[in-house]
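A quick write-up on the structure given underneath.
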Amino acid sequence: MATNIQELAINTVRALSIDAVQKANSGHPGLPLGAAPMAYALWMEHMTHNPKDAHWFNRDRFVLSAGHGSMLIYSLLHLAGYDLSMEEIKNFRQWGSKTPGHPEYHETPGVETTTGPLGQGISTAVGMALAEAFLAQKFNTDAHNVVDHYTYVIASDGDLMEGVALEATSLAGHWGLNKLIVLYDSNDITLDGEASMIFTEDVGKRFEANGWNVITVEDGNNYQPISAAIAQAKEEQERPTIIVCKTTIGFGSPNKSGSSKSHGSPLGDDEVKLTKEALGFPSDEAFFIPGEALEHWRSTIEQGEAAQSAWNTVMAEYKAANAELGQMLEDAIAGKLPDGWDADIPSFEKADATRSAGGAALNAIAQHIPTMIGGDADLAGSTKTLIKGEENTGPGSTAGRNVRFGVREHGMGAIVNGLQLHGGIIKPYSATFFTFSDYMRPAVRLGALMGLPVVYVFTHDSIGLGEDGPTHQPVEHMMAMRAIPNLYVFRPGDPNEAAESWRTMMMLDKPCTIVLSRQKMQALSGEHIQEGVAHGAYTYADAEGEPDVILMATGSELEIAVATYNQLMEDGVKARVVSMPCWELFEEQDDTYKESVLPKSVRARVSIEAGITTGWQKYVGLDGIAIGVDTFGASAPYKKIYEEYGLTVEKMVEAAKHLL
């Protein structure tokens, strides 16, 4: 039986969590039982948040990186008074509920990011903390701190084993993100057994080496020393903090406490009863919440509303004293593009690499959007994504708009997701070579799952890379990106399409990938390019009347298709060139538009793209021919590789005439 209101409130979280897992007959009861004290200490004694406004800008952010223990956060949200009913708790892991198996952004009020793939939550939280630090340096004044909040994480040993977490937390220490506080649920148990069989490193020393403040709490089953540790962490001014909490997985379960048996399976009806008896709860009443405990938890509403009201007052004073800055901050929070943001997007008449054209367009846009930031994986000279005239991020300096990620592609992707999730950062972007998209694919996938309007820039897009050879030449990657739902994938065919791709991406509310060339490409002309790119695919060149053959291309192969068109027209063959920079946008167009570009009556179709041909069958049909690279690349000058692999005008003409 609980001896005080704090213990009763903690045990309420435990009992509610195991009841929901048991009713679903699916889930992870061990973490909520063990981590409830640290969650209580954080949510009730330190975290500033308003359950009645989950999107209040200056709230503290909380990330349950150990997303498998999702009933912990659902119990917290329900008890604290967020818009998450008991009915939703009872429908844990069921179709259409707001309580899915792992926390999902957009699905549940109060969930700040989708977690579950281990390591992603803590890494995304680094991006949130960087956003807070950047915006604070940009907008706060001596008289007004309008951006002033913490990012808190509960992480597991599984999170800290993942490489992405090492990449991101290394950067957090390097940048000195002192308002990032991680509570490490160190229970010495993994899904398969004792952690000692796979994880014996000294986590504290690892984080110390990466520039973190490390605090250890030996009794993680007691909320008071955890609360004291959080208070100590908040005093740290130069480093992020990790609090190593020694906890007991499945705490309270007589037969499964401290065992992997409580990790990923329901306790079972009998064990649930025994556990609730041990916690002082009625064993025969599911989903029981003591009135005293609920009243205690709901006190966070009044505290949160008071905190938000006080911030609103400060914000009003700030705007009165700093009208321009205040409006800029409000627009940034709203994600509003300023008037004239695209006024300086360039057009091109000379041949250039699309990576260079893309960099020019990025800079033309960024000069109008002061909270547009991003960076690269130690490849800025090659990706052309530096914002000119702006500072770099660095130790203790988070005001720079050029985020230097180093060779950490996976961490970079997660951090960029966190920048967007925080709010106030408009269209954050990352950049690296396309072949290394494999290293950050899990983060890109989560960005797509959450529908985050970010931009993942990839350059050196194909065998056109040339002499660096097959390790650096992406061939399957284009289709791999197109296979991710909810992601727009752009591969512009010339410098002007690259610039217009940036214009289009800025107005889309989903994540985008833009894939750019190393080699120079002819600058194509035509007033229809802007509108064409916005539609995803368009007729670039045409014959009078219905064409005999349709030539389709993306990227650097567009100029091959145009040259093929010219040759066929000279030979008396009526041809049409269709540029397809973004399949996903094209698929969103109505049937009339799609028919106007790719009429069903024309079955003679040839596509060309410097990657695998899988997927092109959707557009060339059973009768068409897809020219591509269905093997790995080679090391040689790129023109020689194109010739050897049959990416030539001659091969495309031959294919077209064969169909006719």
Side-chain angles (χ1 to χ4, degrees), residues 1-41 43-44 66 68-80 84-94 99 154 185 187-189 191 193-194 218-226 245-298:
M1 179 67 68
T3 58
N4 54 52
I5 186 61
Q6 292 84 6
E7 186 179 349
L8 181 65
I10 291 168
N11 287 344
T12 300
V13 173
R14 288 168 164 154
L16 187 59
S17 297
I18 62 175
D19 275 341
V21 171
Q22 192 61 37
K23 183 177 185 296
N25 195 29
S26 175
H28 298 72
L31 185 142
L33 287 170
M38 70 173 73
Y40 175 86
W43 279 58
M44 290 298 291
H68 55 277
S70 57
M71 264 315 305
L72 175 65
I73 191 171
Y74 298 150
S75 295
L76 295 170
L77 292 170
H78 173 74
L79 292 169
L84 192 66
S85 68
M86 177 58 78
E87 191 65 24
E88 297 290 352
I89 299 294
K90 292 179 179 179
N91 284 327
F92 177 53
R93 290 190 162 218
Q94 303 309 301
T99 50
I154 289 181
D185 179 27
N187 58 37
D188 299 322
I189 296 294
L191 185 149
E194 294 185 5
E218 293 295 342
D219 184 8
N221 300 317
N222 184 346
Y223 86 92
Q224 290 176 318
I226 299 173
C245 299
K246 303 301 294 183
T247 62
T248 302
I249 190 171
F251 180 90
S253 170
N255 298 302
K256 297 185 178 181
S257 175
S259 164
S260 61
K261 294 178 181 178
S262 68
H263 174 90
S265 301
L267 296 178
D269 290 333
D270 292 341
E271 192 68 15
V272 166
K273 290 179 180 179
L274 291 173
T275 303
K276 291 195 327 189
E277 287 175 0
L279 298 175
F281 273 64
S283 62
D284 58 350
E285 185 175 353
F287 301 101
F288 172 72
I289 299 178
E292 187 180 1
L294 184 62
E295 182 181 357
H296 180 64
W297 274 106
R298 292 288 163 91

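Nothing fancy with the numbering, it's 1 onward along the sequence.
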- Between N11 and Y40, does a side chain to side chain contact (heavy atoms under 4.5 Å, CB included) hold up when you go through it step by step? CA-CA 10 Å; N11 287 344; Y40 175 86; over 6 Å; no

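A side-chain donor-acceptor contact under 3.5 Å links N4 to the backbone of E7. Within the 3.5 Å criterion, the main-chain N or O of G30 finds no donor-acceptor partner in the side chain of H263. No donor-acceptor distance shorter than 3.5 angstrom exists from the side chain of W297 to the backbone of L76, with no hydrogens or angles considered. Side-chain atoms of H68 never come within 3.5 Å of backbone atoms of H28 as a donor-acceptor pair (strictly under, hydrogens ignored). Side-chain N or O atoms of R298 include one that pairs as donor or acceptor with a backbone N or O of L79 at under 3.5 Å. A donor-acceptor contact shorter than 3.5 Å links the side chain of Q22 to the backbone of G268. Judged purely by atom type and a 3.5 angstrom limit, K256 has no side-chain atom pairing as donor or acceptor with the backbone of G250. Side chain of T99 to main chain of E88: a donor-acceptor pair is present (N/O by atom type, distance under 3.5 Å, no hydrogens or angles).
Taking CG from D188 and CD1 from I249, the interatomic distance works out to 10.0 Å, rounded to the nearest 0.5 Å. The CG atom of N221 sits 8.0 Å away from the OG atom of S257 when rounded to the nearest 0.5 Å. Remark: N222 CG to C245 SG distance equals 11.0 Å, nearest 0.5 Å. Summarising the geometry, atom CD1 belonging to I226 is positioned 8.0 Å from atom OG1 belonging to T247; distances are rounded to the nearest 0.5 Å. Taking CZ from R14 and CG from L72, the interatomic distance works out to 10.5 Å, rounded to the nearest 0.5 Å. Summarising the geometry, atom CG belonging to L267 is positioned 10.0 Å from atom CG belonging to L274; distances are rounded to the nearest 0.5 Å.
Side chains of Q6 and M44 form no contact here, defined as non-hydrogen atoms less than 4.5 Å apart. Residues T275 and P254 are in side-chain contact: their nearest non-hydrogen atoms beyond the backbone lie under 4.5 Å apart. Residues N255 and D270 are not in side-chain contact: their nearest non-hydrogen atoms beyond the backbone lie 4.5 Å or more apart. Inter-residue side-chain proximity for L8 and F281 is flagged as met; some heavy-atom pair is nearer than 4.5 Å. The shortest distance between side-chain heavy atoms of R93 and N25 does not fall below 4.5 Å. Between T12 and H296, every side-chain heavy-atom pair lies at or beyond the 4.5 Å cut-off. Two residues are said to be in side-chain contact when any heavy atoms from C-beta on lie closer than 4.5 Å; F287 and I89 meet this criterion. Using a 4.5 Å heavy-atom threshold, the side chains of F92 and D19 count as separate.
The two atoms that bring L16 and M71 nearest to each other are O-CE, 4.2 Å, heavy atoms only. The two residues P266 and S26 come nearest to each other via the heavy atoms CG-N, 3.4 Å. Closest approach of P37 and G34 over heavy atoms only: CD-O, 3.5 Å. Annotation for A15 and L279: closest pair N-CD1, 4.4 Å, computed over non-hydrogen atoms. Summarising the geometry of D219 relative to P225, their closest heavy-atom pair is O-CG, 3.9 Å, with the distance given to 0.1 Å. In this structure, P32 and G69 approach most closely via the heavy-atom pair CG-O, 4.1 Å.
The number of heavy-atom neighbours closer than 6.0 Å to NZ of K246, taken from other residues, nucleotides and ligands shown, is above 12. Annotation: E194, atom CD; neighbour count of heavy atoms from other residues, nucleotides and ligands within 6.0 Å does not exceed 12.
S75 and S17 form a side-chain donor-acceptor contact under 3.5 Å, judged by distance and modelled atom types alone.
Under a 4.0 Å N-O distance rule, the pair D284/K276 does not qualify as a salt bridge.
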